[in-house]
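For reference, the structure is listed below as structure tokens.
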Number of protein chains: 2
Amino acid sequence: MTLDSETKAVELPEHHGDELRLWLRLLTCTTLIEGEVRSRLRERFDVTLPRFDLMAQLDKVPEGMTLSDVSKRMMVSNGNVTGLVERLVESGHLDRRTSEVDRRVQVIRLTKAGRAEFRKMAAEHELWIADIFGDLTPKDVRELMRLLAKTKASAQKSARSRGG
Amino acid sequence: MTLDSETKAVELPEHHGDELRLWLRLLTCTTLIEGEVRSRLRERFDVTLPRFDLMAQLDKVPEGMTLSDVSKRMMVSNGNVTGLVERLVESGHLDRRTSEVDRRVQVIRLTKAGRAEFRKMAAEHELWIADIFGDLTPKDVRELMRLLAKTKASAQKSARSRGG
DNA sequence: GCCAATTGCTTGAAACTTAAAGAAATCTGG
DNA sequence: CCAGATTTCTTTAAGTTTCAAGCAATTGGC
């Protein structure tokens, strides 16, 4: 009997429903929060989420970054960044210069106005996020951070093992 | 001294950096996994993620759903669904009928071919997800499920309290 | 120095996405 | 019954996004 059921268990395809449900829940959470942030950004500052995200990347590095850097950090395609940057330069939020060392490279930075506007938005944004996560205890937050770090590492490992 | 620093702590704006970092990590995880799934779907089945997601919704309800139902479940706009459905009907994956009870309503279902194709993709998809989350223990999975449920509830509460 | 490979970015096509406005059908309270 | 409100879906405009192809600049091997 015991042998039988063990044999069976090996032959049957494994159950992966839990992981799938976890993934769907993770996705739901993110979509929900992203939608909320998106609509607040639009209502309050008439800015789109991708623009805000791009400015957030640049705010962290005053001396500027290349388009490739931005692309990697935001995990979006190169062509995507090109278009976003074009519109943000147009609207005066970004400053763009060709590198003198390597003329393929474009270095972008926040303009003074762009930085001021971003800081204003970022301050409120932080409060929104705090409110959205408001029912989590500090312990919940720590625990989630830990588990998501583990998840990220696992996903990266899986992606690497497939890619090369 | 103690009094002083406590007074200061109350007067200073609260620290919400932890929640912000948590949100960024959550977003990173989701983006990472989503990108991985997206590229596997494209490579393996030449299908886009939104199409797969839409078919996944329909697979759960054989008798079909209205466009509004799909829109709510996928948390995307109505117009978005209209376009997606159009292309999937065109490619023979979906069947679309006007409700006889309410002629505003469109009921969509997977066609036989659409269902067969989805099932094939879904089986592999489940393995990918299991692999991506492969380094998490069953306990990690349970704990993440719990914390994400709490997060979702918190986010929904925050969204409701703003919206109405 | 030269040629091939690589890197950084842009372009183009197709698809996806949203918000807002509009059309059609239904519902509701007189 | 009927006018106004609501619901369901489509349309439109603007923007985002990806992928693939391509161009320009740089690097590395010889």
Side-chain angles (χ1 to χ4, degrees), chain A residues 30-32 34-55 57 64-91 93-94 96-108 163, chain B residues 27 30-32 34-55 64-91 93-94 96-108 163:
Chain A
T30 301
T31 305
L32 191 60
E34 207 173 51
E36 186 61 18
V37 170
R38 183 195 308 281
S39 78
R40 293 198 201 200
L41 280 175
R42 170 173 290 270
E43 280 176 27
R44 187 76 182 75
F45 299 112
D46 193 34
V47 74
T48 64
L49 186 52
R51 279 170 210 226
F52 179 81
D53 286 343
L54 177 38
M55 288 197 272
Q57 292 301 326
M65 322 171 48
T66 70
L67 298 203
S68 291
D69 287 341
V70 174
S71 164
K72 272 169 210 140
R73 290 210 197 199
M74 292 181 72
M75 295 193 275
V76 299
S77 68
N78 270 347
N80 189 350
V81 172
T82 295
L84 269 174
V85 165
E86 207 159 287
R87 288 182 286 270
L88 280 167
V89 167
E90 172 69 25
S91 62
H93 294 87
L94 260 53
R96 164 205 236 152
R97 291 176 311 153
T98 300
S99 161
E100 290 165 10
V101 194
D102 183 339
R103 271 172 300 175
R104 290 168 306 178
V105 174
Q106 303 282 320
V107 177
I108 55 174
Chain B
L27 188 54
T30 301
T31 305
L32 190 61
E34 207 172 52
E36 186 61 19
V37 171
R38 183 194 308 282
S39 78
R40 292 198 201 199
L41 280 174
R42 170 174 292 270
E43 279 177 27
R44 187 75 181 78
F45 300 112
D46 194 33
V47 75
T48 64
L49 186 51
R51 279 159 145 102
F52 178 82
D53 286 344
L54 177 37
M55 289 197 271
M65 321 170 49
T66 69
L67 297 204
S68 290
D69 287 341
V70 174
S71 164
K72 273 168 209 139
R73 291 209 196 202
M74 293 181 72
M75 295 193 276
V76 299
S77 69
N78 271 347
N80 189 349
V81 173
T82 294
L84 269 174
V85 166
E86 207 159 288
R87 287 182 287 271
L88 280 166
V89 168
E90 172 71 23
S91 63
H93 293 88
L94 261 54
R96 164 205 236 155
R97 290 176 312 152
T98 300
S99 161
E100 290 165 10
V101 194
D102 183 339
R103 270 173 300 174
R104 291 168 304 181
V105 175
Q106 303 281 320
V107 177
I108 55 174

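Each chain gets a letter, A, B and so on, in the order its sequence line appears, and its residues count up from 1. Everything numeric in this text was worked out from a predicted model, so none of it was measured. Computed over heavy atoms, backbone and side chain alike; hydrogens, waters and symmetry mates excluded.
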Regarding B:Val85, tell me which of base, sugar-phosphate or nothing describes its non-hydrogen contacts under 4.0 Å with the strands shown.
nothing
Using a 4.0 Å heavy-atom cut-off, does A:Val101 contact any base of the nucleic acid, only the sugar-phosphate backbone, or nothing at all?
sugar-phosphate
Expressed in angstrom and rounded to an integer, what is the separation of B:Glu36 atom CD from D:dT18 atom P?
14 Å
A side-chain contact here means heavy atoms from C-beta on lying under 4.5 Å apart; do B:Met74 and B:Leu54 qualify?
yes
State which residues pass side chain to side chain contact (heavy atoms under 4.5 Å, CB included) with A:Val37; sequence neighbours excluded, sorted by chain then number.
A:Ile33, A:Leu41, A:Leu49, A:His125, A:Ile129, A:Ile132
Reckon B:Ser68 has a side-chain N or O less than 4.0 Å from the OP1 or OP2 of D:dT7?
no
Report the residue (B:Glu100 or A:Asp69) whose heavy-atom-nearest nucleotide on DNA chain C is the more 5′ of the two.
A:Asp69
Answer with base, sugar-phosphate or nothing: what part of the nucleic acid does B:Thr82 contact at a heavy-atom distance below 4.0 Å?
base
For A:Leu88 and D:dG15, what is the distance between atoms CG and P respectively, to the nearest whole Å?
11 Å
For nucleotides 12-19 of chain C, 5' to 3', base contacts (B), sugar-phosphate-only contacts (S) and non-contacts (-) with protein non-hydrogen atoms under 4.0 Å give ---SSSBS
Distance check needed: D:dT16 C1' versus A:Glu34 CD, whole Å only.
12 Å
Pairs involving residues 43-55 of chain A, ordered by first then second residue, that meet salt bridge (charged side-chain N to carboxylate O under 4.0 Å, His left out) (sequence neighbours left out):
A:Glu43-B:Arg162, A:Arg44-A:Glu124
Here's a test of your reading of the structure: between B:Leu67 and A:Asp102, which maps to the more 5' nucleotide of DNA chain D?
B:Leu67
Using whole Å, what does the distance between atom C1' of nucleotide D:dC19 and atom CG of B:Leu41 come to?
15 Å
Residue pairs meeting side-chain hydrogen bond (donor to acceptor under 3.5 Å, both in side chains), one or both in residues 80-90 of chain B, sequence neighbours left out, come to none
Could you work out, with side chain to side chain contact (heavy atoms under 4.5 Å, CB included) as the rule, every residue matching B:Arg103, not counting sequence neighbours?
B:Thr98
Could you go through nucleotides 2-6 of chain C and list every protein N or O atom that sits under 3.5 Å from one of its N or O atoms, giving the distance for each pair?
none

Report which part of the nucleic acid B:Ser71 touches: base, sugar-phosphate, or nothing (heavy-atom distance under 4.0 Å, all strands).
nothing
Apply side chain to side chain contact (heavy atoms under 4.5 Å, CB included) to A:Arg104 and list each qualifying residue two or more places apart in sequence or on a separate chain.
A:Asp102
Quick test of your reading: applying side-chain hydrogen bond (donor to acceptor under 3.5 Å, both in side chains), list the pairs with at least one residue in residues 64-74 of chain B, sequence neighbours left out, ordered by first then second residue.
B:Thr66-B:Asp69, B:Ser71-B:Asn78
Distance in angstrom units between B:Met65 CE and D:dT8 P, rounded:
13 Å
B:Arg42: partners by side-chain hydrogen bond (donor to acceptor under 3.5 Å, both in side chains), with sequence neighbours left out:
none
Result for 5'-nearest mapping on DNA chain D, choosing between B:Glu86 and A:Arg103, is B:Glu86
So, do A:Gln106 and A:Arg97 sit near enough that their side-chain heavy atoms are less than 4.5 Å apart?
no
